[in-house]
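Single-structure report; data block below.
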Protein chains: 2
Amino acid sequence: MATIRELARLCGVSPATVSRVFNNPKVVNAKTREQVLRTARQIGYLPNESARTLATKKSFMVGLVWDTDHRRPGWRHPFFQEILIGLKTALSGRGYHLLMLATSGEPTEDAYVRAVRRHNLDGVVMIDSGTWDPSLRRLAESGIPCVSLDRPVQGPRVTYVTSDNVGGARLAVRHLHEQGRRAIATITGPAHTRPGAERLQGYQDELARLGLPYRPEFVVEGDFYLSGGHAAMRRLLEADDRPDAVFVAGDEMAVGALVAIGEAGLKVPEDIALVGFDDIEVAALVPPGLTTVAQDKDGFGIAAAEAVVSMINGADAPPPRILPATLVVRGSSTPPL
Amino acid sequence: MATIRELARLCGVSPATVSRVFNNPKVVNAKTREQVLRTARQIGYLPNESARTLATKKSFMVGLVWDTDHRRPGWRHPFFQEILIGLKTALSGRGYHLLMLATSGEPTEDAYVRAVRRHNLDGVVMIDSGTWDPSLRRLAESGIPCVSLDRPVQGPRVTYVTSDNVGGARLAVRHLHEQGRRAIATITGPAHTRPGAERLQGYQDELARLGLPYRPEFVVEGDFYLSGGHAAMRRLLEADDRPDAVFVAGDEMAVGALVAIGEAGLKVPEDIALVGFDDIEVAALVPPGLTTVAQDKDGFGIAAAEAVVSMINGADAPPPRILPATLVVRGSSTPPL
DNA sequence: CTGAAAGCGCTTACAG
DNA sequence: CTGAAAGCGCTTACAG
C-alpha cells in the first residue's frame with residue numbers, strides 16, 4: 001500500500017500538497033494537481049481512513065443501532081429491511097458508511113455510547129425495536145447526532161422520522177366507512193410502540209368524527225407479526241357481534257387475519273373488509289389484494305440520512321419529519337357493500 | 001475524551017504501560033494494572049480505535065458486501081435478513097464489527113477493494129445476490145480474507161458457506177414420492193444462481209434414483225419471489241397434464257404457488273402437494289402449513305464468522321462449509337394419497 | 001516489569 | 001500556491 005509520502009516523493013512535492021489535492025483541490029496549481037491525480041491512479045494510492053480520522057476527528061461513518069437479539073425479534077419485520085437498504089443508499093450518496101453496532105455481550109448501559117466514541121462515529125441512526133432500554137437513552141443524551149426512526153426521543157442533537165400514523169389510520173377507517181361498513185374493528189400494534197399507539201389513536205379519532213361508537217370489544221392488540229394478527233382475528237370472530245370490517249395496524253398481521261377469516265369459512269371482502277398498514281410486498285400479492293396504508297419506505301432512509309448529515313455538519317437538530325401515508329386500495333375492501 | 005497520555009499521567013506511569021494494560025495485561029504489575037483499570041473507569045477513558053488501527057493495521061471490522069440496488073432486489077428476500085442478524089451476532093461475539101459496504105455511485109471494478117483498503121477492513125463477507133460482477137471477483141482475488149455465502153469463488157484467501165441444496169432437494173422429492181405422488185413438478189430458482197441450479201440438480205437426481213421420468217414441461221423457472229412462484233404455478237396449471245406435486249425451490253415462491261392453486265379452484269394437498277425450501281417464518285403460518293426444507297440460518301452466520309476470523313488470524317482458507325438441510329413436514333404434503 | 005523513542009499515515013495552521 | 005513542522009492517539013521493539 002502506497003502512502004502519501006511515496007506519492008509525494010514520486011511527484012516531487014510535499015505530502016501537504018498531495019493532501020490538499022484530495023481535500024482542497026482548488027488551492028493547488030492545476031498542473032501539479034493533475035500530475036498527483038495521475039500518479040495516484042498509477043500506483044493505486046488510497047488515503048488511509050484511519051489516519052484521516054485520527055487527524056480530523058471525522059470518520060464519515062454512521063452507526064446503526066438495530067437493537068436485536070433472539071429474544072427481541074423486532075428486526076424480523078420485513079419493513080425494516082426495506083428501510084435499511086434505503087438508508088444505506090442515501091448515506092453512501094452523501095459519503096457516509098454504515099457501521100452496524102453490536103453490543104457483543106457487553107450489556108452495560110453505555111455500551112453504545114462507548115462503541116460510538118471508540119470508533120469516532122459521526123452520528124447514529126436508531127431503529128425502534130419496541131424496547132427502549134437505558135443504553136439507547138444514554139446515546140440520545142450523549143450529544144452525538146442521532147436520528148431515531150418511529151420514536152420521538154429527548155436529547156441535545158436528536159430528531160426522528162416517522163410516518164403520519166394517525167392520519168394514515170384515519171384514512172383507513174374513513175375508506176371503510178365509505179365502503180358502507182359500520183362495524184369497524186381494529187387489530188392494533190403493541191401499545192408500547194409508538195406506531196401501535198398512534199394508529200389506534202387515528203382509529204379512535206376517525207370513529208368519533210364519523211359519529212360511530214367506540215366499542216372496546218372491537219379493539220384487540222396484536223404484535224405486528226403474522227401469528228399475532230391471526231390470533232387477534234380469531235378473538236374478534238369469537239365475539240357475539242362480528243365486525244364487518246377490520247383496520248389492521250400492520251400488513252403482516254393483516255395477512256394473518258386474512259388466514260383466520262378463511263379458516264372460519266368467511267370471505268374477504270364479502271363478509272369482512274380488511275385494510276392493513278405498511279404496504280409490504282406481500283400486500284399486493286395475497287388474494288384478493290390487501291388494501292393498505294402505504295408508508296414511504298425510501299423516504300425514511302432519505303430523511304434519516306439528511307437529518308443525521310445535517311447535524312454532523314453542525315446544524316441544530318431539525319424538527320421531526322412526519323412522512324405522509326397514503327391509501328392503496330385493493331380487493332380486500334372493495335367494492336362497496 | 002481522555003487520551004492514553006492523560007490516563008498515564010494520572011496513574012504516574014508511561015503511556016506504554018497503559019497500553020499494555022489493555023493489550024497484554026499479564027506483563028504488567030498487578031497493582032499498577034488495577035490502578036490503571038480503576039482510573040480508566042473513573043475518567044471514562046476509551047481507546048481510540050482509529051489510532052489503534054493506524055498503529056496495528058488491524059481494524060477489527062469486517063465488511064459486508066450485499067450487492068443491492070433498486071434494480072437488484074436480492075436483498076428483499078427475508079432469508080437474507082435472518083442471516084444478517086446471525087452474522088452480526090457471531091462476529092460481535094468474536095470482537096468484530098460489521099461495516100456495510102456501499103459503492104456510493106462509484107461504479108468502478110475496484111470499488112469494493114478500494115473501500116476495504118481505505119478502511120483497513122480485516123475481512124469481508126459477501127452475500128450472493130445472483131449477480132456476480134467484476135467488482136466482487138476483484139475482491140475475491142485481492143488477497144483479503146473473504147467468505148462468500150451460497151456461491152463458490154476463486155481466490156487466495158476465500159471460502160464459502162452454503163446449504164446442502166442438492167441433498168435438501170432430494171429430501172423433498174423423496175418425501176413427495178413417499179406420499180404417493182408420482183407426477184412431481186418443480187419450480188426452480190433462477191438458473192444463474194447457485195442455489196437455483198443445485199436444487200434443480202437434486203430434483204433431477206432424485207427423480208432418476210426413484211425411476212421417475214424427467215419431464216421438461218414439469219420444470220418452470222421462478223425468481224425466488226412470491227410473484228415469480230405465482231406465475232410459474234399458473235404455467236404448470238395451464239399444461240395438459242397437471243402435476244400432483246410440486247417441489248418449489250424457495251418458500252416465498254411456494255406461497256405464491258399456494259395462492260395460484262387456490263385461485264384455480266384446487267386444493268393443497270388434496271389436488272397438489274407442495275414442498276418449499278428455506279423454512280422462513282411464513283412457512284409455518286400459511287395454511288395448511290408449508291412442508292419445506294429448512295436451512296440452518298444461524299449456522300450460516302456462525303460458519304461465516306468462524307471462517308473469516310480464522311483467515312484473519314492467519315489460517316489458510318478453510319474448506320467450504322456445507323450446512324445440512326432438513327425436511328420439516330407440515331400440512332401441504334400430508335397425509336399420503 | 002517499565003519507559004523513552006520512533007513510527008503508523010494523515011491534516012493543518014503557519015510562514016513564506 | 002507550497003513546504004516544514006507539529007500533532008492526532010495509539011503500539012511496540014529496544015534497552016534497561
Side-chain angles (χ1 to χ4, degrees), chain A residues 1-37 39-40 43-61 95 97 114-122 312, chain B residues 1-37 39-40 43-61 95 97 114-122 312:
Chain A
M1 286 296 300
T3 71
I4 202 172
R5 297 182 54 130
E6 290 165 44
L7 179 53
R9 192 178 45 75
L10 252 36
C11 298
V13 299
S14 74
T17 296
V18 174
S19 176
R20 291 191 192 98
V21 168
F22 292 107
N23 296 305
N24 198 5
K26 46 211 157 210
V27 309
V28 13
N29 177 292
K31 243 189 197 129
T32 42
R33 195 202 311 141
E34 294 314 318
Q35 190 207 355
V36 168
L37 254 18
T39 314
I43 68 172
Y45 168 74
L46 293 172
N48 182 324
E49 293 296 336
S50 301
R52 290 185 107 182
T53 298
L54 180 59
T56 63
K57 268 92 184 72
K58 295 192 44 94
S59 65
F60 289 96
M61 293 201 301
H97 285 262
R114 293 164 60 96
V116 168
R117 294 215 191 285
R118 290 177 71 123
H119 289 92
N120 301 106
L121 301 186
D122 298 329
I312 288 170
Chain B
M1 285 295 301
T3 70
I4 201 172
R5 297 182 54 129
E6 291 165 43
L7 179 53
R9 193 177 46 73
L10 252 35
C11 297
V13 299
S14 73
T17 296
V18 173
S19 176
R20 290 188 193 101
V21 168
F22 291 107
N23 297 306
N24 198 5
K26 46 211 156 211
V27 309
V28 14
N29 178 292
K31 244 189 197 127
T32 43
R33 193 201 312 143
E34 294 314 318
Q35 191 208 355
V36 168
L37 254 17
T39 314
I43 68 173
Y45 168 74
L46 293 172
N48 182 323
E49 294 295 336
S50 300
R52 290 185 106 184
T53 298
L54 181 58
T56 63
K57 268 90 184 69
K58 294 192 44 93
S59 65
F60 289 97
M61 293 201 300
H97 285 263
R114 292 164 60 95
V116 167
R117 294 214 191 287
R118 290 176 72 122
H119 289 92
N120 303 106
L121 302 186
D122 298 330
I312 289 170

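Order of the sequence lines fixes the chain letters, A, B, ..., with proteins taken first and strands second; residue numbering starts at 1 for each chain.
Residue B:Ser19 is classed as a base contact, given a heavy-atom separation below 4.0 Å to a base. When heavy atoms are screened at a 4.0 angstrom cut-off, B:Leu7 is found touching no nucleic acid atom at all. Residue A:Thr32 is classed as a sugar-phosphate contact, given heavy-atom separations below 4.0 Å to backbone atoms only.
Separation of the P atoms belonging to D:dA5 and D:dC1 is 24 Å when rounded to the nearest angstrom. D:dC14 and D:dC10 are spaced 24 Å apart, taking the P atom of each and rounding to whole Å.
Distances were taken from every side-chain heavy atom of B:Thr17 (C-beta onward) to each of D:dT2, C:dG3, D:dC8; the shortest belongs to C:dG3. Taking the side chain of A:Ala16 as heavy atoms from C-beta on, and the options D:dT11, D:dA4, C:dG9, the nearest nucleotide is D:dA4. Among the nucleotides D:dC8, C:dC8, C:dG3, the one closest to any side-chain atom of B:Leu54 is C:dC8.
One can place CD of A:Glu49 at 10 Å from C1' of C:dC10, the figure rounded to the nearest angstrom. Atom C1' of nucleotide D:dC10 and atom CZ of B:Arg52 are separated by 8 Å, given to the nearest angstrom.
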Strand DNA chain D in bracket notation, Watson-Crick/G-U under 3.5 Å with | for pairs to another chain = |||.||||||||.|||
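For the pair A:Ala30 and A:Pro15, nearest-nucleotide mapping onto DNA chain D gives the more 5' position to A:Ala30.
A salt bridge does not link B:Arg9 with B:Glu6: every distance from a Lys NZ or Arg NE/NH1/NH2 to an Asp or Glu carboxylate oxygen is 4.0 Å or more.
Here B:Arg52 contributes atom CZ and B:Asn23 contributes atom CG; the two are 4.5 Å apart, rounded to the nearest 0.5 Å.
Partner A:Cys11 forms a side chain to side chain contact (heavy atoms under 4.5 Å, CB included) with one of A:Thr39, A:Val21, A:Leu37 and no other, that one being A:Thr39.
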